[in-house]
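Below is one structure, written out as structure tokens; the observations come after it.
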Protein chains: 2
Amino acid sequence: MARRSSSSSEVLLGLLTIQPMSGYDLGQTIRASIGHFWNESYGQIYPNLKKLQAEGLVTSKTERQKGKPDRHIYAITPKGRERLAQWLAVPPQPEVPRNEMLLKLFFGAQVAPAISIGYLERMIAAERPLLDRFQQVQEEIAKNRQYPDAPYWKMAARFGEIELEAHLRWAEESLAELRKLARKAQSPATPPKEKHASH
Amino acid sequence: MARRSSSSSEVLLGLLTIQPMSGYDLGQTIRASIGHFWNESYGQIYPNLKKLQAEGLVTSKTERQKGKPDRHIYAITPKGRERLAQWLAVPPQPEVPRNEMLLKLFFGAQVAPAISIGYLERMIAAERPLLDRFQQVQEEIAKNRQYPDAPYWKMAARFGEIELEAHLRWAEESLAELRKLARKAQSPATPPKEKHASH
DNA sequence: GGGTGCATGTAATGGGTTACATGATTCT
DNA sequence: AGAATCATGTAACCCATTACATGCACCC
């Protein structure tokens with residue numbers, strides 16, 4: 001995805017406004033907080049931190065550890081905050097996300113309905129448990145209402161919740177339709193006689 | 001986005017099951033039908049078609065035109081259908097889409113609320129008009145109910161509709177919250193006196 | 001004893017967008 | 001007159017993931 005000038009380093013700046021962190025911490029934080037709409041691999045994080053440091057947007061200090069590699073703790077500089085604010089002020093371009101599951105469903109007529117049904121069931125099984133998480137996160141944030149970040153973080157979590165609910169509703173609805181379709185395909189033009197259908 | 005083995009050529013195979021098409025047609029079709037969850041640039045389409053042809057998954061014939069370059073019309077082969085079915089049977093991996101707007105909103109506390117408000121307004125203005133499109137598409141598909149593709153295409157369109165509705169609900173809700181926030185920020189700890197606030 | 005987590009980093013590999021090149025026709 | 005549409009294609013560039021490399025500590 002060769003987005004003209006990506007946001008990989010800016011995310012790091014943004015997260016470092018919360019508190020100084022190591023590359024590893026940043027990875028963890030990304031997964032835990034913005035993981036539902038943004039991902040960053042370590043192969044991206046570490047080199048970008050070096051680049052940011054070279055530009056004077058972050059500073060680093062080294063923490064010795066026994067048995068483990070040194071931790072490099074990065075902190076954002078005033079210049080880094082400026083850069084972040086600049087980037088935040090640029091209107092984001094609408095991007096079309098690629099959804100492979102939907103793509104395969106779109107071509108579902110080319111294979112047995114059971115396959116598409118399986119994908120929807122998988123999706124529901126994988127996503128339903130996340131609903132609770134989003135609600136928990138919002139409650140957590142609500143406890144720290146005084147922080148200036150709180151309302152924004154809550155909106156992001158709420159987005160996850162609302163979108164997830166929508167996806168689940170869609171998946172259930174589509175699942176019902178596909179099952180109807182699969183039944184019709186099994187007994188074409190046969191009135192529902194039940195019991196020992198075909199074999 | 002270096003997804004191990006992407007689906008760029010398989011989309012082309014999938015669309016060619018509808019009818020033989022040129023690279024240009026494929027680009028148009030993608031935008032018109034699956035554009036809300038999948039995009040493909042010509043820089044991707046043309047080379048992939050050549051690759052597919054070399055593998056015997058599609059054939060091409062040339063149509064002469066006056067004043068314009070020849071049209072290369074591609075058609076899927078039985079081998080191509082096999083490959084497509086194989087790919088369709090592989091369970092899609094859940095992917096985390098990157099949403100830059102949400103990312104900027106998440107860091108909204110670092111800039112004036114007006115900026116985030118602007119992004120939400122933009123988003124609503126850009127996306128609301130699409131709702132009608134999705135409904136139209138579904139009606140259109142409903143007219144051709146007999147085609148085996150119809151139920152699957154309808155589901156894809158319905159996904160767009162449901163997700164879009166969810167996004168709009170979220171955006172309106174968040175907008176209201178941000179406006180409240182902006183008002184509070186302007187008159188901190190001042191009871192609502194109305195009229196000629198500060199200036 | 002083996003897997004998982006902590007912790008950092010580099011290199012290979014592959015994907016994908018954008019820009020460029022070309023040129024006639026049709027719409028504004 | 002100039003922009004947009006039709007139509008194909010290539011090359012440069014860059015972004016991002018995955019794999020690899022290293023090694024201790026802790027838990028089962």
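Just so it is clear: chains get the letters A, B, ... in the order the sequence lines come, proteins before strands, and each one is counted from 1.
- If you check D/dA16, D/dT8, C/dC6 against the side chain of A/Ser8, the one that comes closest is D/dA16.
- Applying the ring-ring contact (aromatic ring centres under 6.0 Å, His included) rule to B/Tyr24 yields the partners B/Tyr42; only residues at least two apart in sequence or on another chain are considered.
- Here the C1' atom of nucleotide D/dT17 and the CD atom of B/Glu95 are 13 Å apart, to the nearest Å.
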Can you give me the N/O atom pairs linking the protein to nucleotides 22-26 of chain D at distances under 3.5 Å, or say none if there are none?
| unit_1 | atom_1 | unit_2 | atom_2 | d |
| --- | --- | --- | --- | --- |
| D/dC24 | O4' | A/Gly67 | O | 2.9 |

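- When each of D/dA7, C/dG15, D/dC15 is scored by its nearest atom to the side-chain atoms of A/Ser6, the top-ranked nucleotide is D/dC15.
- Side-chain atoms of A/Ile45 and A/Ile30, non-hydrogen and from C-beta on, do get closer than 4.5 Å to each other.
- For the pair A/His36 and B/Val96, the minimum side-chain heavy-atom distance is 4.5 Å or more.
- Atoms CE (A/Met21) and P (C/dC6) sit 15 Å apart, rounded to a whole Å.
- Look at CD on A/Glu63: it is 12 Å from C1' on C/dA7, rounded to the nearest Å.
- Look at CG on A/Asp25: it is 13 Å from P on C/dG9, rounded to the nearest Å.
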Residues 158-167 of chain A, side-chain donor-acceptor partners within the protein, below 3.5 Å, at least two apart:
| unit_1 | atom_1 | unit_2 | atom_2 | d |
| --- | --- | --- | --- | --- |
| A/Arg158 | NE | B/Glu173 | OE1 | 3.2 |
| A/Arg158 | NE | B/Glu173 | OE2 | 2.6 |
| A/Arg158 | NH1 | A/Glu161 | OE1 | 3.1 |
| A/Arg158 | NH2 | B/Glu173 | OE1 | 2.9 |
| A/Glu161 | OE1 | A/Gln138 | NE2 | 2.8 |
| A/Glu161 | OE2 | A/Gln135 | NE2 | 3.0 |
| A/Glu163 | OE2 | B/His167 | NE2 | 2.7 |
| A/His167 | NE2 | B/Glu163 | OE2 | 2.7 |

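- Counted by atom type alone, A/Gln28 and A/Arg31 present zero donor-acceptor pairs between their side chains at under 3.5 Å.
- The CG-P distance, from A/Leu12 to C/dT8, rounds to 13 Å in whole Å.
- Direction of the helix axis in the helix from C/dG1-D/dC28 to C/dT28-D/dA1 shifts by 50° between the two five-pair termini, rounded to 10°.
- Shown for residues 27-55 of chain B: residues whose heavy atoms fall under 4.0 angstrom of DNA chain C, namely B/Ser41, B/Gly43, B/Gln44.
- Listed pair B/Arg98 / D/dA16 meets the phosphate criterion, a side-chain N or O lying under 4.0 Å from OP1 or OP2.
- For residues 74-89 of chain B, the pairs satisfying side chain to side chain donor-acceptor pair (under 3.5 Å) are B/Glu55-B/Arg83, with sequence neighbours left out.
- At a threshold of 4.5 Å between non-hydrogen side-chain atoms, the residues A/Val90 and B/Lys104 count as touching.
- For A/Arg133 and A/Glu140, the salt-bridge test fails: no basic side-chain N is under 4.0 Å from an acidic carboxylate O.
- Inter-residue side-chain proximity for B/Met155 and A/Leu178 is flagged as met; some heavy-atom pair is nearer than 4.5 Å.
- The side-chain heavy atoms of B/Leu26 and B/Leu49, taken from C-beta on, include a pair separated by under 4.5 Å.
- Applying the 4.0 Å criterion to OP1 and OP2 of C/dT8, one finds that A/Tyr24 has every side-chain N and O outside that range.
- The shortest distance between side-chain heavy atoms of B/Asp149 and A/Phe106 does not fall below 4.5 Å.
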